[in-house]
Amino acid sequence: MRNYPERSSVIDLRSDTVTKPSLAMREAIFKAEVGDDVFGDDPTVVKLEMIIADLLGKEYALFVPSGTMANQIALRSLTQPGDEVILEKDSHIFNYEAGSASALSGLQLLPIKGKRGVITKEQIEAEIRPEDIHHPRSKIISLENTHNRAGGTIFPLDEIKRIFKLAKENNLKLYLDGARLWNAVIATGIPLHKWAKNFHSVSVCLSKGLGAPIGSVLAGDEEFIKKARRIRKMYGGGMRQVGIIASAGIYAVENNFNRLIEDHRNAKLLAERLSELKGIKIDLESVHTNIVVLDISESGKDVPSVIKELKEKGVLVVPFGKTKIRVVCHLDVTRDDILRALEKFKEVFES
Ligand SMILES: *Cc1c(COP(=O)(O)O)cnc(C)c1O
C-alpha cells in the first residue's frame, strides 16, 4: 500500500478551476435572493448580468453555465451552417470544446498558427474568403485573451485594434473568448471595457481565477443577447433559481479580481525557480499571468512518470502535450504552497 498524502496537504496546481468557494462566498450564496431566471425573475442573476455588462461596456449580458457554452452560444447566434470561423490553432474553441462548433452550428473552423497565441492582422487578412459560391463564407474572427494553451499569454491591445479595423472593413464579427480576460486586465492595467470595445461580443469566466464554483457571462448588444438567450434555452442552459450561483459570481468579481496579481507573482516565482532546475525548460517571456508551461524533454523523464512522482509528493499538475506540463497558480495556493511545491519539483528533477 502506498501512503498518499492527506487531501488537505495536497497542492493542486492543475488549473485555476479547482478553487473551492470560501466561507465568505458561501455566505453570499446563503443570502442570495432568487427567482425563476427563465422567467427573468431572479434578481441576483439580473444584477450579475448588469455588473458584467457595465464592466465590459456592453449593452446586455447573459449568465450561462460554462465558458464552452458561452462560446458555442455566441458562434451559433452569429452564423449559418457552412460559415467559417477564423481562429488561432491552439485556441480553446478549436481544441477543447469537443468539436461542438461543427456539431452544433455546422461551422467550418479555419485555424491559423499563432505565436504565443497571437495571430496578426496580416495572417487573418490572408485567410478572409472572397465572395464566391465555391467558398464558405468568412463570418467570425475569434480571439482568445489571455491565451490558455499558449500559457496565459496576453494578446496585445494594439494588434486587437488592427484586427478590429480589418473585421469592420470586411463585415466580419470579432468575438473574444475572454475566459481569463480578468488576468489580462490585472497584468496590464487596461480595464475590461477598453479590451471589449474592439469586439462585437465577449465571454468571461467566473470559475477560473475569480474562484466562483460555476458560471460564465456572455456580453454584447441587445439584438445579440436576445438571440443568445434563445440559443441558451435550445442548448439546455436556461436555469431556474440560479441566483444561488450568480451570487458567488458577484462575490468573485467584487472580492477576487484585484487579488489575481498574487497569482501572477506566484507564477513568476515558480517559473524563475523551476527554469533553474536540471532538464526543465520554460519560455520565461511567455509567463504573463498565472500559468507556467514546462518543457521536460531534456530531463530524460517522461510526462506521465513526472506527474505520478509529483502526485505521490502531494503536488498535482497536468500533462500539456507529449513533453510538457502545465502549472497554474490560483486563489487556493499561497506563496508558501508554491515554495513547498518547488521543493518537491527539486526532489523529482535533481535526485
Ligand atoms: C476554461 C476556458 C473556457 C471555458 O471552459 P469551461 O470549462 O467550459 O467553463 C473557454 N475558453 C478558454 C480560453 C478557457 O480557458
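Order of listing sets the numbers, starting from 1, for every ligand and every atom in it.
Applying the 4.0 Å criterion to heavy atoms of Lys208 picks out, from ligand 1, the atoms 1 (C), 2 (C), 3 (C), 4 (C), 5 (O), 14 (C), 15 (O). The Ser66 neighbourhood of ligand 1 comprises atoms 8 (O), 9 (O), with distances under 4.0 Å to a heavy atom of that residue. Residue-ligand proximity, Glu144 to ligand 1, at heavy-atom distances under 4.0 Å covers atoms 13 (C).
In terms of protein heavy-atom proximity, atom 11 (N) of ligand 1 is nearest to Asp177 OD2, 2.6 Å. Looking only at protein heavy atoms, the nearest one to atom 7 (O) of ligand 1 is Thr68 OG1, 4.5 Å.
Residues Arg232 and Asp37 are paired through a salt bridge, judged by an N-O separation under 4.0 Å between the basic side chain and the carboxylate. By the 4.0 Å N-to-carboxylate-O rule, Arg335 lies too far from Glu262 to be salt-bridged with it.
Remark: the Asp336 side chain and the Thr334 side chain contain no N/O donor-acceptor pair separated by less than 3.5 Å. No side-chain donor-acceptor contact under 3.5 Å links Asn290 and His330. Side-chain atoms of His147 and Glu88 include a donor-acceptor pair closer than 3.5 Å.
In terms of polar-atom proximity, defined here as any N/O pair under 3.5 Å, Ser216 makes no such contact with ligand 1. Considering backbone and side-chain atoms together, Arg180 places an N or O closer than 3.5 Å to an N or O of ligand 1. Among the atoms of Thr146, none of the N or O lies under 3.5 angstrom from an N or O of ligand 1. On a distance-only criterion, Gly67 and ligand 1 share at least one N/O pair closer than 3.5 Å. The N/O atoms of Glu97, backbone and side chain alike, include none that comes under 3.5 Å of an N/O atom in ligand 1.
Residue-environment remark: OH (Tyr60) stays at or below the threshold of 12 foreign heavy atoms within 6.0 Å. Environment of CD in Glu33: sparse, with no more than 12 heavy atoms of neighbouring residues, nucleotides or ligands closer than 6.0 Å.
Of all the heavy atoms of Ile93, none lies under 4.0 Å from any atom of ligand 1, so neither backbone nor side chain is involved.
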Tell me which donor-acceptor pairs under 3.5 Å the side chains of residues 315-325 have, and how far apart each pair is, sequence neighbours excluded?
none

